[in-house]
Amino acid sequence: MLKMSTLLLRTLRDDPADAEVASHRLLVRAGYVRRIAAGVYSWLPLGYITYRNIERIIREEMDEAGFQEVHFPALLPREPYEKTKRWEEYGSDLFRLQDRKGNDYLLGPTHEEMFTLMVKGEYSSYKDLPLSIYQIQTKFRDETRPRSGIIRGREFVMKDSYSFDIDDEGLVKSYNQHRDAYIKTFDRLGLKYNIVSAISGAMGGSGSEEFLAPCSTGEDTYVLCEKCGYAANVEAMVTKVEPTSTALPANMEAFDSPNTPTIDSLVELLNSKFGSGHQASDTLKNVLLIADDKAISVLVPGDREVDLKRLQANLPGVQELRLFEDSDFAKFPGLVKGYVGPQDAKKLGVQLLADPRVLPGSHWITGANKRDTHARFVTNGRDFEVEKYVEAAEVRAGDLCPKCESPVVIDRAIEIGHIFQLGRKYAQALDLTVLDKNGKSQVVTMGSYGIGVSRAVAAIAEQTHDEIGLSWPREIAPADVHIVATGKEDEVFRAALTLAEDLEEKGLRILFDDRREPSAGVKFKDAELIGIPFIVIVGKALAEGKVEFRVRSTGEKTEIELLKAVTEISTKVLNS
RNA sequence: CGGGGCGUAGCGUAGUGGCUAGCGCGCCUGCUUUGGGAGCAGGAGACCGGAGGUUCGAAUCCUCUCGCCCCGACCA
C-alpha cells in the first residue's frame, strides 16, 4: 500500500515553465518525473511504478509471443559500429566516449550490431532458425533538439526485437508475428493507434509499418482515410489520380508571357490573354533538383509544391537531394529560370520525372525554355517523355484515398512502435551466415521491431488526460484505487485504513491519502491530478455508514454502504 | 545547425542604474479551521546561471560563456 503521508511526492499547483505539451506538464505537476537535463528525466515513485507497469505488459506480450529476452550493455565498443559504418553515419547523434586507455566507446543508440553478433556467436545452422530475441534497454541519442518532455529524449527506454530467418518467406512470417504481438501489446496498453505503412528509406529493406498514436501534440504527420481506415506516412501515401478526358489536345503552341516567372503571375496572364477560368492546376511546374550530382526535373501540377522528403523517400538510392541553385542554372544555360518546360529535357541533359498526377495524355501550360515565353497544349507522351513516375507532390487533406477514393485527412501522432523488414544489411556487414540444407553458407535475413517504452508513458498520458489531470487505464496506473480520507476524526482514518487493507486483501493496489494536514479540497485536487482510475472518499458520508466511489475518467460518483464497500468496490474495479 | 524567447528560493513570478531583492504556492512552529487548492501570527530558504568589464553604486548597462524552452532543419 502506498501512503501519501510517506510517499516521495510533491504535486505542483502551477505548470512548470519549461513544459508545453500536456503529458510533460502533468507528469511534472503530478510528481511522476523531474527534468535533469535537456531530454533527460528521472522517475519519482509514482512515475516509476507507472513506467514499470508498461514495461511489464510489453515484456509479458513479447514472452507470450515466444520471443526471448536478452540484455546488452548500454556502453559499447566502437568496432562493431565501425564495421557497419554507423560509427560514421550516426554522426553527432552518437554519444561517444573514451576509456582511460583512450579506446573509443559509445552509448548504444540502437543495438542491431550487438544482436547480430550474439546470434553469430551462438548459431551456425538453418536448424536454429527462426529466432526472435528482444531486450528492454536504455538508448542514448544526442538529438539536436530533444522536445516535448519524455516524448523525445536523449536518453530513453526502448524495447527492441530482432528476428533472424534463413529466407524472405521466414522473414515475412516473423514480421507478422511481431505485428500481431504489437497489436496485442498496444491494445492492452489502452492506446488508440493506427498502423501506418511507412517507407524504410535509407536503411533498405521492404516492409515497414509504424504504430502511430493519434494526438495533437505528436510530431509525426500522417494520412488517414476515416472511411476505410487506410493510413500512411506522408512519404508513403500513394496518389490516386482522377481520370482525365481523353480528347486529343491541339498542337503545342508557344506564346509571349513577359514577367511571369511565378505560377501566380502566369495564371494572371493566362486569364487576361485566353479568357478567365485558368487555374494554377492547369499549369505544370518544373522543379529542378540535384540528386547526387545529377540534374533531374520533377513535374508537378502548378498548384502543388514538391515535398522533398517524400520525393527522396521514393527515390531509393539517392543520398542527397537539393533544389537547383543559381550556380546549377549556370551549368545548364538551356534552362531558363522561371520558364522551364519538359519539352527539351533530354536535349538539355536533364532526367525527367513526374508526379503521377501528370498523366500520360494530359496537356499543360508550361515554360517554353525561352525567356518570357510559355507554351500551352504541351502534352505528355506527345511533346515530352516522362522517364519515370515518382510520388513527389505534397500530400494535402482532401486528396483521395488510394483504397476507397474518399478524401483523406491529415493527422498528427506519436510514433509508439515501428516494425521493419530489415533484410540482410547487418548480417552481411557482420558476416552472420548459417549453413542451409545443402551445406551452403547463407546470409541470414533480419527484421527489427521497436517500441518506445518510456515514450509510451507520455503517449498514454497524452491520450487519456483531461483538463484537471492524468487519468490512467487501470493496468498502467500506479494503483487501482485512490482512497482519500477527509476530516479530522481518527475514526475516519481508521475506517479508511481498514477499507484499504481489506481491498488490498482482494488483490487491489491501493494509494491511501492518509495525510492529516491538507484540507479535503487539496486531497481531491491531488487525486484528480495523479489520475488513479478509481477514487474512494471516506469522510462526511461515513456518518451515514457510506463512502463515496468515483470514476476518474467519467467523473461518475456513487455512494456505497461501508459494509458492502469491499465487495462492491473490488467487483467494480476488477471488472473494469 | 538557422530563427525566436528565457535564466531571480523547491515551483510560479515582480523588480530596466540607487536603501536590507519583493510577492504567491510549497516548507517549518503555534493557534484556529477541515467536502473543492483554509485563516491568523511567527520563521527558514536566493552568492539574481557563470566569468569579466563599465560605474561612487549592477539582478538591472556592455562583452564573453553556460544552460533551458519553442519553431524549423535533422533524427525515429
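Computed from a prediction, not measured in an experiment: that's the story for all the values here. Throughout, protein chains are lettered first and strands after them, A, B, ... in sequence-line order, and every chain is numbered starting at 1.
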Are A:R145 and B:C70 close enough that a side-chain N or O sits under 4.0 Å from OP1 or OP2?
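So the side chain of A:R145 is within the cut-off, an N or O lying under 4.0 Å from OP1 or OP2 of B:C70.
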
Quick one: which residue pairs count as a salt bridge (charged side-chain N to carboxylate O under 4.0 Å, His left out) with a foot in residues 22-36 of chain A, not counting sequence neighbours?
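Found A:D15-A:R25, A:D15-A:R29, A:D18-A:R35.
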
Specify the residues of residues 42-52 of chain A, ordered by number, for which at least one heavy atom lies under 4.0 angstrom from an atom of RNA chain B.
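Correct list: empty, so none.
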
Which of residues 176-197 of chain A sit near RNA chain B, with a heavy atom under 4.0 Å from it?
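Going residue by residue through residues 176-197 of chain A, none turns out to have a heavy atom under 4.0 Å of RNA chain B.
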
Got a sec, which residues hit ring pair (Phe, Tyr, Trp, His ring centres under 6.0 Å) with [X], two or more places apart in sequence or on another chain?
{"X": "A:F512", "answer": "none"}
{"X": "A:F524", "answer": "none"}
{"X": "A:Y222", "answer": "none"}

A:E501: what forms a side chain to side chain donor-acceptor pair (under 3.5 Å) with it, not counting sequence neighbours?
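Side chain to side chain donor-acceptor pair (under 3.5 Å) check on A:E501 returns nothing, list empty.
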
Could you name each residue pair satisfying ring-ring contact (aromatic ring centres under 6.0 Å, His included) that touches residues 535-555 of chain A, not counting sequence neighbours?
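Counting only pairs at least two positions apart or across chains, the ring-ring contact (aromatic ring centres under 6.0 Å, His included) contacts touching residues 535-555 of chain A are A:F534-A:F549.
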
Not counting sequence neighbours, list each pair that qualifies as a ring-ring contact (aromatic ring centres under 6.0 Å, His included) and has a residue in residues 138-164 of chain A.
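The answer is A:F115-A:Y162.
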
Give the dot-bracket string for RNA chain B, reading 5' to 3', where a pair is Watson-Crick or G-U wobble with both distances under 3.5 Å, ( ) marks pairs inside the strand, [ ] marks pairs crossing earlier ones, | marks a partner on another strand, and . marks unpaired.
((((((((.[[[[.)..(...]]]].((((((.....)))))).....[[[[[..)....]]]]])))))))....

If only side-chain N and O atoms count, and only distance matters, is there a donor-acceptor pair under 3.5 Å linking A:S23 with A:H465?
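No donor-acceptor contact under 3.5 Å links the two side chains.
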
B/S/- along nucleotides 30-40 of chain B (protein heavy atoms under 4.0 Å) is ----BBBBS--

Just jot down the side chain to side chain contact (heavy atoms under 4.5 Å, CB included) partners of A:A477, sequence neighbours excluded, or say none.
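Testing A:A477 for side chain to side chain contact (heavy atoms under 4.5 Å, CB included), a comparison that skips the adjacent residues, returns A:W472, A:P533.
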
